[in-house]
Amino acid sequence: MPVKENIKQLLQSSDYDRKVTVMGWVRTKREGKNVAFAALNDGSIIHNIQIVIDNAKFDEATIKSITTGSCVQVLGTLVQSMGKGQSSEVQADEIKLLGGADADSYPLQKKGHTLEFLREIAHLRPRTNTFGAVFRIRHHAAFAIHKFFNENGFNWMHTPIITGSDAEGAGEMFRVSTLSPTNPPLNENGDVNYEEDFFGKETNLTVSGQLEAELGALALSKVYTFGPTFRAENSNTTRHLAEFWMIEPEMAFYDITDNMDLAEEFLKYMVQYILNNCKDDLEFLNKMYDKELIQRLESVVNTDFARVTYTEAVDVLLAAKQKFEFKVEWGVDLQSEHEKYLVEQHYKKPVIVVDYPKDIKAFYMRQNEDGKTVRAMDVLFPGIGEIIGGSQREERYELLEKRIDEMNIEKESVWWYLETRKFGTATHSGFGLGFERFVLFVTAMSNIRDVIPFPRTPQNAEF
Ligand code: 4AD
Ligand code: MG
């Protein structure tokens, strides 16, 4: 069966005066004395197609049934539109109501609903201009990720969602268990006996596919993951989700500088792809949410990112006139107010910070000669803060083992990871891009709950 023409194709077609069938949801309807107009949208493009309804051809009940939110099928003639800004429209011969929508109770009647309200009706919000635009851009971004890595010789690796290890060592995991929550089997010490659990041990939803991606890189050289990750961190912010999507490239024979170069090239490619392929949606978001959106995207593509060490960044913050809520001193993790200052006030462009204190970073990062810092890198973006976190990995067996011991990580849960350092170890690096943070950046949305169809956050798993 041929693919049916959608509204995007019909609007762009100049093959006029032919019979077409169009399906979609009614956005608005205006009734005049002789003709009525319905604006139909099917989500293929931000624009609606206008349906011209000659009152003489239809009974009143049919015209009345075409309410905002209803779904209709129209058979008619595609004609060139005289209205400004519209290329084609459909003169209706037949209208079939596929699904009515009660005018009094359909929640999207009024224009200008708040984003907060729309979050409560996440089952219907994709039918708004804003969310149609955001979710189309999200799709194009996902597609561009695969395109970039495929063009650059990376293999997409499917890392497990259920794991027995805590890659980030932050203990922010969701447990996966089939044991009875009220009456679990206990061992001699009175603790829950996970040997009787489904997998015969404690398991959780993954916080990162990195450790497994490293195994892949040490065989296929260049791999990447792109999948959901889960963090039970109780941070109710506009930048955190409990379930988010992460892209994690991992490359053998890359050191930290190669890693930074790749991160910068990748982000620029992604932003350029969105600029090239999502013009209508970007123009809408630029007009409605942030007049500097497109300009900001173009500037990211055209500027070299600043690259500074953590120590230099701390010096910049210490010299700042601005008062910060969180005190700055060497050794503390950078807070979002600090990241914002660096990117938006000081460097005025994306910033890559490297060589963080080892005590605030994960066990797997390569230790520097100074004994204090590790080859960690964070990419900070305007309006977002940290968009990427990554590092060169510790490839030296003894040093890695020592770090695992120092940080009280259960060696049994990562024995396989350690073995790669015993058998043919190699310099390697990688990073993780938070997909939703990227989508935030390119859509000018300000809350991460508005760039994923069904957000998972503390106290919220509706839909
Ligand atoms: O900095 P993170 O924790 O790094 C890792 O997970 C590494 N294993 C990545 C690697 O080197 N392969 O997370 C990476 C990115 C962050 O920079 C941020 O963009 C995003 O993931 N992120 C979140 N996004 C939404 N909600 C959360 N709770 C997030 N936590 C991290
Ligand atoms: Mg991080």
Side-chain angles (χ1 to χ4, degrees), residues 141 145 149 154 157 159 163 165-174 205-217 222-251 254 256 259-260 262-263 266-267 270 310 333-336 338-339 343 350-354 356-357 360-366 374-381 383-394 414 417 428-442 445 447-452 455-458 460:
I145 283 160
F149 286 119
F154 283 72
M157 184 169 170
T159 50
T163 87
S165 55
D166 179 2
E168 293 306 301
E172 294 166 335
M173 298 173 299
F174 289 101
L205 296 177
T206 188
V207 296
S208 158
Q210 178 197 320
L211 301 190
E212 291 89 354
E214 282 187 55
L215 314 181
K222 290 198 278 186
V223 299
Y224 71 105
T225 74
F226 184 4
T229 43
F230 307 87
R231 297 202 185 171
E233 55 189 330
N234 212 346
S235 24
N236 233 324
T237 77
T238 56
R239 298 284 175 271
H240 289 88
L241 290 164
E243 176 181 296
F244 64 99
W245 287 64
M246 186 154 50
I247 299 95
E248 296 184 277
E250 190 71 33
M251 302 74 63
Y254 272 52
I256 189 72
N259 204 26
M260 287 192 276
L262 181 76
F266 171 53
L267 285 168
M270 292 287 298
Y310 168 88
D333 211 354
L334 300 183
Q335 301 294 326
S336 72
H338 307 138
E339 298 175 341
V343 175
V351 181
I352 310 182
V353 181
V354 279
Y356 281 81
I360 56 169
K361 289 292 181 183
F363 73 96
Y364 51 72
M365 297 187 180
R366 194 177 198 281
V374 287
R375 286 189 197 165
M377 61 174 221
D378 276 5
V379 182
L380 314 179
F381 254 38
I384 304 294
E386 179 190 340
I387 197 164
I388 276 180
S391 65
Q392 184 174 331
R393 317 307 186 188
E394 184 55 82
V414 290
Y417 184 76
H428 63 290
S429 300
F431 60 81
L433 168 69
F435 187 52
E436 284 74 21
R437 295 207 185 161
F438 178 80
V439 181
L440 271 177
F441 180 70
V442 290
M445 291 288 102
N447 192 316
I448 201 162
R449 293 165 179 78
D450 296 331
V451 296
I452 188 165
R456 288 338 181 203
T457 51
N460 173 43

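We're numbering straight along the sequence, starting at 1. Remember, it's 1-based here, ligands and their atoms both numbered in the order they're listed. Just so you know, these numbers come straight off a predicted model, no measurement behind them.
Those atoms of ligand 1 with a heavy atom of Arg239 less than 4.0 angstrom away are 25 (C), 26 (N). Residue Gly389 has at least one heavy-atom neighbour below 4.0 Å for each of these atoms of ligand 1: 1 (O), 9 (C), 10 (C), 11 (O), 17 (O). Ligand-side atoms of ligand 1 in range of Glu248: 7 (C), 8 (N), 9 (C), 10 (C), 12 (N), range being under 4.0 angstrom from any heavy atom. Under a 4.0 Å criterion applied to the non-hydrogen atoms of Tyr364, ligand 1 contributes the atoms 7 (C), 8 (N).
In this structure, Tyr224 has no heavy atom closer than 4.0 Å to ligand 1. For Gly390, the closest heavy-atom approach to ligand 1 falls below 4.0 Å. Distances from ligand 1 to the non-hydrogen atoms of Ile448 include at least one value under 4.0 Å. Within the structure, the closest approach of Glu436 to ligand 1 does not fall below 4.0 Å when heavy atoms are considered.
Looking at ligand 1, you won't find any N or O of Val207 less than 3.5 Å from one of its N or O atoms. Considering both main-chain and side-chain atoms, Met246 never comes within under 3.5 Å of ligand 1 through any nitrogen or oxygen pair.
Contact of the Arg239 side chain with the Arg437 side chain is registered, since non-hydrogen atoms from C-beta on lie closer than 4.5 Å. The shortest side-chain heavy-atom distance between Asp378 and Lys361 falls under the 4.5 Å cut-off. Counting heavy atoms from C-beta on, the side chains of Val343 and Phe381 never come closer than 4.5 Å. With a 4.5 Å cut-off on side-chain heavy atoms, Val354 and Tyr310 do not count as touching. The shortest side-chain heavy-atom distance between Thr229 and Phe244 falls under the 4.5 Å cut-off. Residues Phe154 and Leu262 form a side-chain contact, since some pair of their non-hydrogen atoms from C-beta on lies under 4.5 Å apart. Residues Gln210 and Arg393 form a side-chain contact, since some pair of their non-hydrogen atoms from C-beta on lies under 4.5 Å apart.
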Check your understanding: For Phe149 and Phe266, what are the C-alpha separation, side-chain angles and deciding distance, and is it a ring pair (Phe, Tyr, Trp, His ring centres under 6.0 Å)?
Key -> CA-CA 9 Å; Phe149 286 119; Phe266 171 53; 4.9 Å; yes
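Looking only at distances, a side-chain donor or acceptor of Thr163 sits under 3.5 Å from a matching main-chain atom of Ser165. Checking side-chain atoms of His338 against main-chain N and O of Gln335 turns up a donor-acceptor pair under 3.5 Å. Between the side chain of Glu339 and the backbone N or O of Glu386 there is at least one donor-acceptor pair closer than 3.5 Å. Checking side-chain atoms of Asn259 against main-chain N and O of Ala263 turns up no donor-acceptor pair under 3.5 Å. Between the side chain of Glu248 and the main chain of Leu433, no donor-acceptor pair closer than 3.5 Å is present.
The residue from Glu386, Glu233, Lys361, His240 that puts a heavy atom closest to atom 17 (O) of ligand 1 is Glu386. Heavy-atom proximity to atom 7 (C) of ligand 1, evaluated over Glu172, Arg456, Glu168, is greatest for Glu168. Around atom 3 (O) of ligand 1, the closest heavy atom drawn from Glu250, Arg231, Arg393 belongs to Arg231.
Of the protein's non-hydrogen atoms, the one nearest atom 19 (O) of ligand 1 is Ile387 O, 2.8 Å. From the protein, the heavy atom lying nearest to atom 20 (C) of ligand 1 is Gly434 CA, 3.5 Å. When hydrogens are left out, the protein atom nearest atom 26 (N) of ligand 1 is Leu241 N, 2.9 Å; that is the closest non-hydrogen contact. Of the protein's non-hydrogen atoms, Arg437 NH1, 3.6 Å is the one closest to atom 18 (C) of ligand 1. The protein heavy atom nearest to atom 15 (C) of ligand 1 is Gly432 O, 3.6 Å. If you check which protein heavy atom lies closest to atom 24 (N) of ligand 1, you get Phe244 CD1, 3.5 Å.
When every heavy atom of Leu215 is checked against every heavy atom of Tyr417, the shortest pair comes out as CD2-CA, 4.4 Å. Shortest non-hydrogen contact noted between Pro455 and Arg449 is CG-O, 3.6 Å.
Screening the protein for N, O or S atoms under 2.8 Å from the Mg ion (ligand 2) yields 1; no waters enter the count.
Residue contacts with ligand 1, taken as heavy atom pairs separated by less than 4.0 Å, involve Ile388 solely via the backbone atoms N, CA, C and O.
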